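Computed from heavy atoms alone, side chains included, the values below leave out hydrogens, waters and symmetry copies. None of the values given here were measured: they were computed from a predicted structure.
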Amino acid sequence: MKKIIFLLLLFPFIGFAQETNPEFDEKLAKSLNADDYGMKTYVFCILKTGSNTTATKEEKAKLFEGHMANINKLAAEGKLVVAGPFMKNDRNYRGVFVFNVSTIEEANALVESDPAVKAKIFEAEMTIWYCSAALQQVNQLHNKVAKKKM
């Protein structure tokens, strides 16, 4: 009787056994540092309006030019996999970065290389994020769909 009860308790979980994905590309997964689920850790960063409210229009323009140059540099190095602005909102959210690093300390070093962050136009809030390792390929795909460079 105990064996029957054990089997009845085990039965619901048998249907949830995980199958190997027939499309799995081991070489690609390794190159992207994917785990068995095709996932990895990143650092997710929200840029918020910073404390610098005295920068002139000209200073801001120069800082944003440096901000964009830094984004392009970090993306080319593979350290920044996603970046983009938020539309106008009531939370003072300005933009998002997803860094291809596994610690907040590494991400802090990267975000501090941004002139707009250094000048306190933006401030950064970060957390560890678990997402598809394939996210690292967004920049390659983006270059194929962007008619103009930013």
Side-chain angles (χ1 to χ4, degrees), residues 10 12-150:
L10 184 62
F13 299 102
I14 293 172
F16 294 107
Q18 297 172 355
E19 296 179 23
T20 301
N21 176 5
E23 295 179 49
F24 177 67
D25 182 335
E26 185 174 3
K27 184 179 175 185
L28 178 60
K30 282 184 180 181
S31 74
L32 298 174
N33 296 311
D35 65 14
D36 286 348
Y37 301 101
M39 308 282 278
K40 71 176 291 297
T41 57
Y42 300 92
V43 174
F44 186 88
C45 172
I46 292 181
L47 293 176
K48 297 178 175 182
T49 301
S51 60
N52 183 346
T53 58
T54 60
T56 66
K57 197 173 191 174
E58 294 77 22
E59 289 170 327
K60 284 183 183 177
K62 183 107 174 127
L63 290 167
F64 277 100
E65 186 179 306
H67 172 69
M68 293 306 297
N70 194 58
I71 286 172
N72 289 325
K73 175 184 164 290
L74 294 175
E77 293 172 355
K79 305 234 173 154
L80 182 64
V81 294
V82 171
F86 285 113
M87 299 297 109
K88 191 169 183 146
N89 62 81
D90 60 357
R91 303 186 102 184
N92 290 321
Y93 288 171
R94 301 294 300 275
V96 64
F97 286 153
V98 176
F99 291 109
N100 191 15
V101 298
S102 56
T103 68
I104 300 290
E105 293 76 24
E106 291 172 288
N108 270 329
L110 297 174
V111 82
E112 286 298 323
S113 68
D114 188 312
V117 173
K118 281 183 189 175
K120 304 212 181 297
I121 298 295
F122 298 134
E123 67 177 48
E125 185 177 299
M126 294 184 245
T127 191
I128 302 294
W129 188 45
Y130 186 63
C131 185
S132 173
L135 187 63
Q136 297 167 79
Q137 297 189 315
V138 166
N139 286 322
Q140 294 167 5
L141 293 171
H142 179 77
N143 287 331
K144 293 179 181 182
V145 299
K147 192 171 186 176
K148 297 179 180 181
K149 297 269 185 184
M150 292 181 84

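- Minimum heavy-atom separation, T103 to E106: OG1-OE1, 2.9 Å.
- Note on E26 versus K30: salt bridge recorded, some NZ/NE/NH1/NH2 to OD/OE distance being below 4.0 Å.
- Crowding of N143 atom CG: a count of heavy atoms from other residues, nucleotides or ligands under 6.0 Å exceeding 12.
- Using cut-offs of 30° and 60° on the angle between ring planes, the pair Y93 and F86 is tilted.
- With hydrogens and angles disregarded, a donor-acceptor distance shorter than 3.5 Å links the side chain of N89 to the backbone of M87.
- Interatomic distance, NZ of K118 versus NE2 of H67, reported as 14.0 Å (0.5 Å rounding).
- Contact record, N70 with P115: CB-CD, 4.3 Å, taken as the closest heavy-atom pair.
- Listed by chain and number, the residues in a salt bridge (charged side-chain N to carboxylate O under 4.0 Å, His left out) with K48 are E125 (sequence neighbours excluded).
- Scanning both residues, A133 and A34, for their nearest heavy atoms gives CB-CB, 3.6 Å.
- Not counting sequence neighbours, Y42 has no partner by the ring-ring contact (aromatic ring centres under 6.0 Å, His included) test.
- Applying the side-chain contact (heavy atoms from CB on, under 4.5 Å) test between N52 and each of K60, K120, E123, E59 identifies K120 as the sole match.
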inquiry  = Between L74 and F99, does the side chain to side chain contact (heavy atoms under 4.5 Å, CB included) criterion hold? Intermediate values first, please.
reply    = CA-CA 9 Å; L74 294 175; F99 291 109; 4.2 Å; yes
task = Before giving the answer on side chain to side chain contact (heavy atoms under 4.5 Å, CB included), spell out for Q137 and L28 the whole-Å C-alpha distance, their side-chain angles and the decisive distance to 0.1 Å.
result = CA-CA 11 Å; Q137 297 189 315; L28 178 60; 3.5 Å; yes
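- Closest approach of A107 to M126, counting heavy atoms only: CB-SD, 3.4 Å.
- Of the inter-residue distances, the one linking M39 atom CE with C131 atom SG reads 5.5 Å to the nearest 0.5 angstrom.
- For the side-chain contact (heavy atoms from CB on, under 4.5 Å) test with L63, the passing option among V117, D114, I121 is I121; the others fail.
- Listed by chain and residue number, nothing satisfies the salt bridge (charged side-chain N to carboxylate O under 4.0 Å, His left out) test with E112 (two or more places apart in sequence, or in another chain).
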key: side chain to side chain contact (heavy atoms under 4.5 Å, CB included) between N108 and V43, intermediate numbers included   = CA-CA 10 Å; N108 270 329; V43 174; over 6 Å; no
message = Show, in sequence, the C-alpha distance, side-chain angles and deciding distance for F122 and F97, and conclude whether the side chain to side chain contact (heavy atoms under 4.5 Å, CB included) test is met.
response = CA-CA 12 Å; F122 298 134; F97 286 153; over 6 Å; no
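- Screening L32, T41, V81, L80 against N100 for a side-chain contact (heavy atoms from CB on, under 4.5 Å) leaves a single residue, V81.
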